[in-house]
2 protein chains.
Amino acid sequence: MATIGDVARVAGVSTSTVSYVLSGKRPISGSTRERVERAIRDLGYRPHAGARALASARTNVLGLMAPLRADVNVSVIMQFVTGVVTAARNHDRDVLLLTSDEVAGTERVANGSMVDALIMMDVESDDARIDVLVGLRQPAVLIGLPQDPQGLSCVDLDFDAAGRLAVRHLTALGHRRVALIGSPQLVLDRHTSYAIRLRHGFAEQADAAGLTHLSVPCSSTPAGAADAVDAVLEAMPDVTALVVHNEVALPWVLTTLAERGRRVPQEISVVAVCPRDVALGQRLPLTSIDIPGYAIGQVAVEMAMARLAEPGTDRPAETRLLTPTLEARESTTAPT
Amino acid sequence: MATIGDVARVAGVSTSTVSYVLSGKRPISGSTRERVERAIRDLGYRPHAGARALASARTNVLGLMAPLRADVNVSVIMQFVTGVVTAARNHDRDVLLLTSDEVAGTERVANGSMVDALIMMDVESDDARIDVLVGLRQPAVLIGLPQDPQGLSCVDLDFDAAGRLAVRHLTALGHRRVALIGSPQLVLDRHTSYAIRLRHGFAEQADAAGLTHLSVPCSSTPAGAADAVDAVLEAMPDVTALVVHNEVALPWVLTTLAERGRRVPQEISVVAVCPRDVALGQRLPLTSIDIPGYAIGQVAVEMAMARLAEPGTDRPAETRLLTPTLEARESTTAPT
DNA sequence: ATGAAAGCGCTAACAT
DNA sequence: ATGTTAGCGCTTTCAT
């Protein structure tokens, strides 16, 4: 592999000139720049990432801690990851993938100077991993909303607002008895914050509007979905609308409703909280509140880059909650 | 951050001794080793990855090119990735994630010496990216089976054998008229090799057994699944068994069958080719041939590590095809 | 069994 | 506008 020295020799300049041509950190005359760029092309020169990291204390790599258990929201996770990787590339960064349970990995990667910043997905309300991140010299961004961000930046969909938005949509249509089919109990037990926040917003708005309401967890299996539906129908036989916040169980919730003779939307309305393509991928295009995983991933990267750009600054961390939007489709209508 | 020099000073030894304690590349006396290890712990020392890469020409990072489009086999992809990351960690490697469409990324990462080896998922029969990989000094492993591996190592499930296995299972049960509901036309058009290989094995074995058979592509939407089922039922009204190789469409294939009044397995048997958990996650536990994504990811890493271990060696590349296994569950039975 | 020292390839002062 | 050079932190040969 050619080195910067080779390039310099071929171009007839010093190594620092080559370096500055590459970084643009000082003015270079047109002719020099041209010769250098030619030499680079001719030699197929690529700067050695390690050498660069050593000399500049920058790796151009972002660490991403993603939950790689295949059990939950696989498609959502994928969207987050895609958003992060794409945005990272737009900032000339690569992405190092860490499994999220591996707390030690964070320290290894950060203290070993492998990454410039860290992004952590799937944050729980009271997440032990946050303590680790706080102690690092690299900035970190959380996807999700812990109880105490400890000075870290956070980004997420405003699930609380999403819960309220779903109820408002149903209220506007005239519904008075609504139920939420939510995340698996396991996820709730983990204090995964989005699940709790959505449920909270749902209940709050339903109370405020004077609705009769109810929420049940729902495990991500056909049987779990059936159980959840049945639990709702038993506790609230005259329910007219459902909010479903569980993209895996969603299809089975719908088939169960069909089997129980409740047609959507004639006998029961359904609002899904899930990625848009999941809502559109069902038999009936569902009214839904999008979980914009791709966008959230992008924002996470921007926030990380912002912190990197202003190193000394003690600009306080910020929490960015993306405003949910509801798209009315064919699964909601006025109750009869 | 503490450096190796700090450790050496605190331990009262030279830097090289510290280095050798860390690498184990030469014998160290018990007492020295102890003092060094203490110093490392006390200082919270971590070797600087860049410095290490520069001095040793090793990064301890594996590059993984994964298709991050959210459209196909999301859960399968996730399993591959998980397998790769887990195995990589077992070999003390981290994983750098590349999006698969970014051919330039491969060269950037490889020539910039960011990775020791590359693993490429979702290989197509005639994949342009292979040419790039062949030109690199780092070893590369393909997940999938191109027409011409050009000397690269490959690993995949033996989809051809899987197609044959499915047919043999059905033949043994007494079925004589079978159909394959396969991958989306789009995937077939991309010459994605697994889709073609499975279809080939299916047809070959069906011919060999003298069965009446048929195969249709199937787009991964509810409507697509319905169309595929209807196409089969029209062309072969008396079909008694289906092989489904499309994990996304699978649930909709089943609901469509139900709607058309064909009960599984009484009126029609179904063999699914998909990850085990997908087969088990349906209403009825399906007879299935597992796509062992996790295992394949692991093997890919092992192969990469093997190449790294013996650098000079010109051991010819190998192709490892994992033998498919069929697990009989409740969706197949003898035809009536 | 241990140490001294020469790089690895690059960046960023410091010069001019 | 360009060149010189001192590190960055580690590995590894060469000595002892």
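Just so it is clear: chains get the letters A, B, ... in the order the sequence lines come, proteins before strands, and each one is counted from 1.
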**Student:** Work out how much the helix from C:dA1-D:dT16 to C:dT16-D:dA1 bends between its end axes, five pairs an end, to the nearest 10 degrees.
**Tutor:** 30°
**Student:** Give the table of side-chain donor-acceptor pairs shorter than 3.5 Å for residues 38-56 of chain B, with sequence neighbours excluded, one pair per line with atom names and distance.
**Tutor:**
residue, atom, partner, partner atom, Å
B:His48, ND1, B:Gly50, N, 3.0
B:His48, ND1, B:Ala51, N, 3.0
B:Ser56, OG, B:Arg52, O, 2.7
B:Ser56, OG, B:Arg58, N, 3.3

**Student:** Expressed as a whole number of angstroms, how long is the span from A:Leu22:CG to C:dA12:P?
**Tutor:** 12 Å
**Student:** Rounded to whole angstroms, how far apart are NZ on A:Lys25 and C1' on C:dT11?
**Tutor:** 8 Å
**Student:** May I ask you to test the B:Thr106-B:Met120 pair for a side-chain heavy-atom distance under 4.5 Å?
**Tutor:** no
**Student:** Taking only heavy atoms on the protein side, list every residue of residues 105-115 of chain A lying under 4.0 Å from any atom of DNA chain C, sorted numerically.
**Tutor:** none
**Student:** I need the minimum non-hydrogen distance between B:Gly151 and B:Arg307, along with the two atoms involved.
**Tutor:** O-NH2, 4.0 Å
**Student:** With heavy atoms under 4.0 Å as the rule, sort B:Thr3 into base, sugar-phosphate or nothing.
**Tutor:** sugar-phosphate
**Student:** Measure from CD1 on A:Ile4 to P on C:dG9 and round the result to the nearest Å.
**Tutor:** 11 Å
**Student:** Among residues at least two apart in sequence or on other chains, which ones pass side-chain hydrogen bond (donor to acceptor under 3.5 Å, both in side chains) with A:Thr99?
**Tutor:** A:Asp101
**Student:** For A:Asp116 and A:Thr59, does a side-chain donor sit closer than 3.5 Å to a side-chain acceptor?
**Tutor:** yes
**Student:** Going from CG on B:Leu133 to CG on B:Asp127, what distance comes out if it is rounded to the nearest 0.5 angstrom?
**Tutor:** 8.5 Å
**Student:** Please name all residues satisfying side-chain hydrogen bond (donor to acceptor under 3.5 Å, both in side chains) with B:Asp131, sequence neighbours left out, ordered by chain then number.
**Tutor:** B:Gln150
**Student:** When the nearest nucleotide of DNA chain D is assigned to B:Leu54 and to B:Ser23 on a heavy-atom basis, which residue is associated with the more 5' position?
**Tutor:** B:Leu54
**Student:** With a 4.0 Å heavy-atom cut-off, tell me which residues in residues 37-52 of chain B come close to DNA chain C, sorted by residue number.
**Tutor:** none
**Student:** With sequence neighbours excluded, what pairs up with A:Glu302 under the side-chain hydrogen bond (donor to acceptor under 3.5 Å, both in side chains) test?
**Tutor:** A:His91
**Student:** Which heavy atom of A:Ala66 sits nearest to which heavy atom of A:Leu97, and what is that distance?
**Tutor:** CB-CD1, 4.2 Å
**Student:** With sequence neighbours excluded, tell me which residues meet side-chain hydrogen bond (donor to acceptor under 3.5 Å, both in side chains) with B:Arg26.
**Tutor:** none
**Student:** Rounded at 0.5 Å granularity, tell me how far CG in B:Asp122 sits from CD in B:Glu124.
**Tutor:** 6.5 Å
**Student:** CD of A:Glu318: more than 12 outside heavy atoms within 6.0 angstrom?
**Tutor:** yes
**Student:** With sequence neighbours left out, write down each residue that passes side-chain contact (heavy atoms from CB on, under 4.5 Å) with B:Pro146, or none if nothing qualifies.
**Tutor:** B:Val123, B:Ile130, B:Leu142, B:Pro149, B:Cys154
**Student:** Keeping to residues at least two apart or across chains, list the salt bridge (charged side-chain N to carboxylate O under 4.0 Å, His left out) pairs with something in residues 138-156 of chain A.
**Tutor:** A:Asp156-A:Arg197
**Student:** Earliest and latest nucleotide of DNA chain D, 5' to 3', sitting under 4.0 Å from a non-hydrogen atom of chain B?
**Tutor:** D:dG9 to D:dC14
**Student:** Is the shortest heavy-atom distance from the side chain of B:Asn90 to the side chain of B:Val301 under 4.5 Å?
**Tutor:** no
**Student:** Using the 3.5 Å cut-off, write out each protein N or O paired with an N or O of nucleotides 1-3 of chain C and the distance between them.
**Tutor:**
residue, atom, partner, partner atom, Å
C:dT2, OP1, B:Ser29, OG, 2.8
C:dT2, OP1, B:Thr32, OG1, 2.3
C:dT2, OP2, B:Ser29, N, 2.8
C:dT2, O4, B:Arg26, NH1, 2.9
C:dG3, OP2, B:Ser14, N, 3.0
C:dG3, OP2, B:Ser14, OG, 3.3
C:dG3, OP2, B:Thr17, OG1, 2.6
C:dG3, N7, B:Ser16, OG, 3.4
C:dG3, N7, B:Arg26, NH2, 2.8
C:dG3, O6, B:Arg26, NH1, 2.7
C:dG3, O6, B:Arg26, NH2, 3.3

